There are 2 protein chains.
Amino acid sequence: MNTSGTIGLDITEQYKVDHKESYAAWLQYKKIDDAALLKEYQTWTENIVSLSDSIVIESAQNELSKALSSMLDIHPEVSSGLKPKNRIVLATMKEFNLLDNEIDIDFKQINEDGYMIKSVSTKGNKTIYLLGKRDAGVLYATFHLLRLMQNRESLKDVNIIESPKNQLRMINQWDNMDGSIERGYAGKSIFYKDHSFSEDFNRIQDYARLLSSVGINAIAINNVNVHEVETHLITASFLPKAAEVASIFRAYGIKTFLSINYASAIQLGDLETADPLDSKVKEWWKNKAKEIYRFIPDFGGFLVKADSEHRPGPFTYNRNHADGANMLAEALEPFNGLVIWRCFVYNCLQDWRDRSTDRARAAYDHFKPLDGKFHENVILQIKNGPMDFQVREAVSPLFGAMPQTNQMMEFQITQEYTGQQKHLCYLVPQWKEVLDFDTFANGESSPVKHVVDGSMFPYRYSGIAAVSNIGNDYNWSGHTLAQANLYGFGRLTWNPDLQAETITNEWIGQTFGQDELVNEHVSHMLLKSWEIYEQYTSPLGVGWMVNPGRHYGPNVDGYEYSVWGTYHFADRDGIGVDRTIKTGTGYTEQYFRENTKMYDSLETCPDELLLFFHHVPYKHKLKSGVTVIQHIYNTHFEGVQEAEELKERWAALKGRINSERYEDILNRLEEQVEHSKEWRDTINTYFYRKSGIADEQKRKIY
Amino acid sequence: MNTSGTIGLDITEQYKVDHKESYAAWLQYKKIDDAALLKEYQTWTENIVSLSDSIVIESAQNELSKALSSMLDIHPEVSSGLKPKNRIVLATMKEFNLLDNEIDIDFKQINEDGYMIKSVSTKGNKTIYLLGKRDAGVLYATFHLLRLMQNRESLKDVNIIESPKNQLRMINQWDNMDGSIERGYAGKSIFYKDHSFSEDFNRIQDYARLLSSVGINAIAINNVNVHEVETHLITASFLPKAAEVASIFRAYGIKTFLSINYASAIQLGDLETADPLDSKVKEWWKNKAKEIYRFIPDFGGFLVKADSEHRPGPFTYNRNHADGANMLAEALEPFNGLVIWRCFVYNCLQDWRDRSTDRARAAYDHFKPLDGKFHENVILQIKNGPMDFQVREAVSPLFGAMPQTNQMMEFQITQEYTGQQKHLCYLVPQWKEVLDFDTFANGESSPVKHVVDGSMFPYRYSGIAAVSNIGNDYNWSGHTLAQANLYGFGRLTWNPDLQAETITNEWIGQTFGQDELVNEHVSHMLLKSWEIYEQYTSPLGVGWMVNPGRHYGPNVDGYEYSVWGTYHFADRDGIGVDRTIKTGTGYTEQYFRENTKMYDSLETCPDELLLFFHHVPYKHKLKSGVTVIQHIYNTHFEGVQEAEELKERWAALKGRINSERYEDILNRLEEQVEHSKEWRDTINTYFYRKSGIADEQKRKIY
């Protein structure tokens, strides 16, 4: 197989031929080999009956046709009446209720984006109903049906009732218009090239299919750091193309958002200020909103990074974030547009000598006092932790702390600090841990997931967003196994109660088929990978220790004397950041009482976050029974061994996976093994040199 | 004053008006205020008599006319006969000897580039003779005369006989054709822009004037790292423009060289190999040389960085550096062209865990065994130290170690590791120390300067090169005081026996005029600045401890776990690199016996290089009486105080320097003070955390 083998096709069409399996991700639609099952599936799917009509329903029909022809080698007729037998029926509530119902269906069981799948077999007629309250639900039901078929499940007596737990299920693209992707590790942007739109709509549509298949319903298509050219995305220069992209996503039930430059009124509007309380500024944004909605009638709204890392914002004018967000919210309100306002605000010009400033405190300190001050169509987007997507950090204390302000979660699928898609690091277990974290915001059993799904407090809008991990690589994600992170994010966002194992198995079956050994090994690899990555990188929740800027590879002091506020304070006696109330920065107090107590005390603070909350001597004994220094040595030696085991497990699957994906993944795993040694040796040597304490097991430290 | 004040002029002409003093550097030619002196000077210079005729003599005449009209407000007639009285006579040996000599002159007193200045006063006639063996000497004499006048020296009974000590007095431009300058800290390239020549020949000519005024006679006009576009400099696409640049330099006695890509035969010649022993490759280079000399008849030759930091070279073909250089040398031989072959060759993909590999050994290990194997027109260009232009490192043991191979020195004027022209760091004292270093290569009193001036061994070619510090900033050098480094390099290269104080005073007088306080303060500032910079940066010769890549600002472990072979091995007990014979890398053995002995022993190794040669405990007592750790603390606290004193000394000159230069320099000095604190605190904190040893004087360590 080579990339130039197919002449005359555009690059995306070429990928679909030359890199079929890598490109198809979990929508493989492989031919069913089992003759009995094939027969059974064929009888259920002889016809497609579409009672509703919309571009989204059309996408569902297309996906069905494509998948059935590929899996079952059949080409069902599509019709709009119920006459044919052995059929799949697609319908929204409205059209379904107009019928003399063949079956009894209560649409109250589902919410706006929900769906039902019901299979009914009578003598001489098999019907699968794919029903949604709206057309998006029908599409989700379609993808669900195809998932069942890809995983070879019986279609008999199917009775599925599904509603997404989260209202907004969003992807943030950190794509720049020069084609680069901030923190992108899978090639260039599929959206942009040479300061313009890429026009590879074929590829964008396939992305929409992937996203929709896991329930994503919103996307911000440009980087939150809005540079010079990107500032013009909300002008007539680019809006026509943005509208084309939006219609691709619209057909898959996905709303398009744009990240904006807070100083647009100055840079585009020639105003002298971007002060949110200035009437000319307000007016300018109102007109701007009108203009945008002329191009994109269902435009989602703005994603805003303001007053953060040198981005402009309301602080320039002595206004607060509520002033800043509300001004935009007013402009979008007439069109039901949303302002998604990021809480990643901190002092990035900190003096490392100043121990009183704690970056972890920043989001809470900035936003908590503003609770209740934001308009109804503003949502605060809060990163999972108070720092920045570390392999391990505490959960942000802001979740649940603002009962009167819409909140949503921001995860990072792209592996900025977690191995950059060179290392395997499956993040679903991490995300689950965050979502299940009990905030105690509303008494016991107040998990984060109930904050961001809007069930704990009466949020008008809420949900989960994540930074995408895809680029124009033929396998989308650099590391082919990193496709699982995109899949898992979508599924978890749909339903945070899903078990990691369930999501993983679903993904493996669709992606690699029904081979038990493949399932066993890949499942084990994915589910262990986060822990393994944590083992050989920075220990016990202290984070960072990476090369500055690039954020790849070990550099213990990389950020230690810098302005970014990310320290470990390791000296010859001990390590860790004292964030306790009495002797530290007082960060622990930002949590609700139960968590404050747990984190503030050395006795109850969990091992894995010990150095995030406490500065302790190297000989401090962990709950696990070993000392901090011995834990560092142990986990780093073990982490490398486990990385080697990952590779061996994969190597055992040779012949069971098509060769391109097998080799690609093997190469990454080999690179991971080598690089994990670099981590192991750098970290161990650093701490051995500093502490002078030998490894009890006398392993090699340089 | 503002940069856009003068409409209609090109940028260079504009600089000459808007930034007159900053731009003029040491060729200020200020009006003489002292009426008596003015009168005296005027009588010596009523006429210019040029007995010789060449483009170089023309440059001398032009410079004289320009300077005299500016300083003396006169416009002397230029004639070619001796008839006029009160005259300056310009002549080369050939024409001077044709005359019935007015005076007795023995041209044997000078070498090829030498000159004589003689002033003779008889009744009714004053004559100043500016005589050279060749026209370049006449130009040098002219600049010397103007230096005397700028420094207000009497012209009576002048009798100067000068010959440069070094044959090649060379500048290396690390300019790239995209306009960037590798390790440039003074704006963009004056040579290139947008992948082509800049065409700002006016600016290039002024650069030639500056260089020629201090005796520079060779320049390589592109970066030794030859990238894609620059590879084409030796093709017909760029040679016509290169020839134009060469003619500008030619008029100032400067030969033009080009840095080449060793793989040119492949990249330009479509050959499959660049193997230096391949006959097609040889042929290709011979034709290439012919082509180049058609465009530039006095082309200097090639500067080559091969097999270094990922540059191609003969190693690819299992050939050694002699094979590589000689192939090029053969091509250039018919035209008297030179190959300047850099010895900066080392393994830049080293494993930090491997303590047996010592980067400091690399140049000697690679080149010493090849002594006598190089063609006569090859010169090895050796960096002053075995590492890379650190603020302090040992002198390269390669100097004097190859009696049968032409050697020259490479210094770095651009302040890559010495404050990047944001910090004041006058390097003449450092260079003098290197040049005066006794190699013992030929018994006692075998200083480096006698190696590189070709007097110690019978070198056919030798000399000193340095990486330039200029760019298109209006003051050439970013920090206006950094002009002194370019000046000082030229003067020292002309005559390494000059005292640093002499050079410094010369420069100050020409640059800032004859103000005693200015002279006292600036001289003190310059002469102390290297020591000050060393104080607050990396201690005791260990070097590095900078941010990787950028090489600016403190980062103690920046290179400690990397591939570059630049370590300090600090642990909780001690610090330093053991390069001794018995317990270390054996690097000390590369020196001649006396130096091996001195460096190998803790007792005799000088303090300032202690950590370069030895790993010692923090409590090791220096010859100065303090411990290593206390020395680190002391120098870092004192260094900042001294930096503050630099600023105060400068501030005391307010009103005595034109305001632009005053403010520009003040701003840099203020920045230096702030940044020196960052150095102080980072280094002190790092070592305090690691050693746990408190400062005896209880000063603030964070």
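These values consider heavy atoms only, across backbone and side chains, with no hydrogens, waters or symmetry-generated copies. All values derive from a computational prediction rather than experimental measurement.
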Problem - A:S562 versus chain B, the contacting section by heavy-atom distance below 4.5 Å - result: neither

Handout entry: Mutual orientation of the aromatic rings belonging to B:W564 and B:Y559 [parallel < 30°, tilted 30-60°, perpendicular > 60°]
Key = perpendicular

Practice task
Determine the interplanar angle of the A:Y417 and A:H551 rings, folded into 0 to 90°, and report it as parallel if under 30°, tilted if 30 to 60°, perpendicular if over 60°.
Solution key: parallel

Handout entry: Aromatic centroids of B:H423 and B:Y533 separated by under 6.0 Å
Key = yes

Exercise for the section: Could you look at A:E678 and say if it's the side chain, the backbone, both or neither that has a heavy atom under 4.5 Å from chain B? Expected result: both

Handout entry: Proximal component of A:Y686, with respect to chain B [non-hydrogen, under 4.5 Å]
Key = both

Completion exercise
Counting heavy-atom pairs under 4.5 Å with chain B, the top scorer among A:D351, A:D557, A:D681 is A:D681

Problem - Among the listed options B:G558, B:G692, B:G553, the residue most often paired with chain A at heavy-atom distances under 4.5 Å - result: B:G692

Practice task
Please check if any side-chain donor atom of B:E309 sits under 3.5 Å from a side-chain acceptor atom of B:Y346, or the reverse.
Solution key: yes

Problem - Cation-pi geometry met for B:R355 and B:F569 (6.0 Å, 45°) - result: yes

